[in-house]
There are 2 protein chains.
Amino acid sequence: MAATAKERGREARERLLRAAAELITERGWTGVTTRAVAERAGVTAGIVHYHFDSVDALLAETAVGTMRAATAWLKTALERVSSADEALTTLLAALDSYGGNDPESVLFVEAYLAATRDPGLRERISAVLTELRTALADRFTEHGITDAEETAAVVVASLDGLVMHRALNPALTTGTVRPVLRRLLGTEQDGGSDRHDEPSDDCTTTDGRDRL
Amino acid sequence: MAATAKERGREARERLLRAAAELITERGWTGVTTRAVAERAGVTAGIVHYHFDSVDALLAETAVGTMRAATAWLKTALERVSSADEALTTLLAALDSYGGNDPESVLFVEAYLAATRDPGLRERISAVLTELRTALADRFTEHGITDAEETAAVVVASLDGLVMHRALNPALTTGTVRPVLRRLLGTEQDGGSDRHDEPSDDCTTTDGRDRL
DNA sequence: GATCGCCTTGGGCATATGCCCAACTTCGAC
DNA sequence: GTCGAAGTTGGGCATATGCCCAAGGCGATC
């Protein structure tokens, strides 16, 4: 058996990260406590400060890690895209995959706010966000979207805003907002701009990618 | 003499509300404490629970009150608007009026997240948001925007998203994002989307940076 | 088997927090 | 002048919280 102690330590650490992610969305960033996260992870409270310097360090690690994973996934998904509209669809699909009361995207918003009060976290989150924004802008440039940089920035921000508002207004399904968001791309392809509720064409048609 | 005691009580209550608003953005919703808000308001801690049932009640009152005031102001501003584009400009100007490190709009985002965990607050915030969204949608309908309801919803959500992202990315000035956001209105007025003829309340700050 | 490194435990300390309350002040009404 | 309502004060209680630490496993290495 390979390093049982080390392995268990690693697992405990990851369980803490997962527990923290849940609790951030449930209680809010500043509402996560040492003992709560330890209990959720099934470990004792002392463990938290063995694996992390502080509760805030745990939360930052959780947020940055989650965002990095999501961004990495989205970047590879965007690489397979063959039009700007498809890129938008990919992002919307990712947004939908978390269902309505999506825990993960609320975590992002909590992280943004926490970054407002923590310069170090802000730096790390900005880096991830820039990465995603740049990847999207590259697709846009590639497919002839004007103001690609600015458009990408607005699209990413808008999607985060929609995530937030959807928590209060369930009518904001991706199907509903997609026709409107498409206008952001500036392509005047006039594809029947008033049809809502796209049935199920939300998945990019290429290889199987219905997971996330 | 007009009720001095009653008057002072009222003032203390309002000072508490203002102090709470500041602290919510500084420390986050769940980071606001009885004593901190009392100290900021210049009263003793006992006062807080005399005027409000609980700290959470204080916070909710603060958030809803602030949002109601902002919405009321925006509604009257929107009434004077003579085009959909001008409506957008009005909203952007309001967004800018709070300067870069705007305390108020961060408060809104904090409130959205808190509403996620408090059904009562969620109800109240949804009502205010619906009011604003409807007022905007009315303007849009009036000026021939297709999908007025959906467009209004997306615009409001996008602006909140931009507020959040601007806290991390100062390049997201209204001047920078305005040309992109105009596309949301679906009015295909000329391709050059970076020129506008409304000279009056041009709120755009002198955008220094263009690289996002 | 002894030793070492990594992980874990459970308790503990100083402080913070929400909320309460009895006594006190203030000021208009009678 | 007395009374009562509205507001204020300062202390206090039970609990929660962040972080620490000495002691205890436990497998790998020698």
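So you know, we letter chains A, B, ... as the sequences are listed, proteins then strands, and number each from 1. Computed from a predicted model, the values in this text were never measured in an experiment.
Between B/Asp56 atom CG and C/dT17 atom P there is a gap of 15 Å when expressed in whole angstrom units. Going from atom CD1 of A/Ile47 over to atom C1' of C/dT8 covers 5 Å, rounded to whole Å. Atom CD in B/Glu39 sits roughly 17 Å away from atom C1' in C/dG18 (whole-Å rounding).
For B/His49, a side-chain nitrogen or oxygen approaches OP1 or OP2 of C/dC19 to under 4.0 Å. A close approach under 4.0 Å does not occur between any side-chain nitrogen or oxygen of B/His51 and OP1 or OP2 of D/dA6. Under 4.0 angstrom from either OP1 or OP2 of C/dC7 there lies at least one side-chain N or O belonging to A/Tyr50. Within the structure, a side-chain polar atom (N or O) of A/Thr34 is placed less than 4.0 Å from OP1 or OP2 of D/dG18.
Across all strands shown, B/Ala12 has heavy atoms under 4.0 Å from sugar-phosphate atoms exclusively, and none from any base. The residue A/Val37 sits apart from the nucleic acid: no heavy atom pair falls under 4.0 Å.
Checking side-chain atoms of A/Arg15 against main-chain N and O of A/Ala41 turns up a donor-acceptor pair under 3.5 Å. Proximity of a side-chain donor or acceptor of A/His143 to a complementary backbone N or O of A/Ser82 within less than 3.5 Å is detected.
Inspection of the A/Thr89 and A/Arg178 side chains reveals an N or O donor paired with an N or O acceptor under 3.5 Å.
In this structure, B/Ala36 and A/Thr44 both approach DNA chain C, and ranking their closest nucleotides by distance from the 5' end singles out A/Thr44.
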Tell me which donor-acceptor pairs under 3.5 Å the side chains of residues 65-72 of chain A have, and how far apart each pair is, sequence neighbours excluded?
| unit_1 | atom_1 | unit_2 | atom_2 | d |
| --- | --- | --- | --- | --- |
| A/Thr66 | OG1 | A/Thr62 | O | 2.7 |
| A/Thr71 | OG1 | A/Met67 | O | 2.9 |

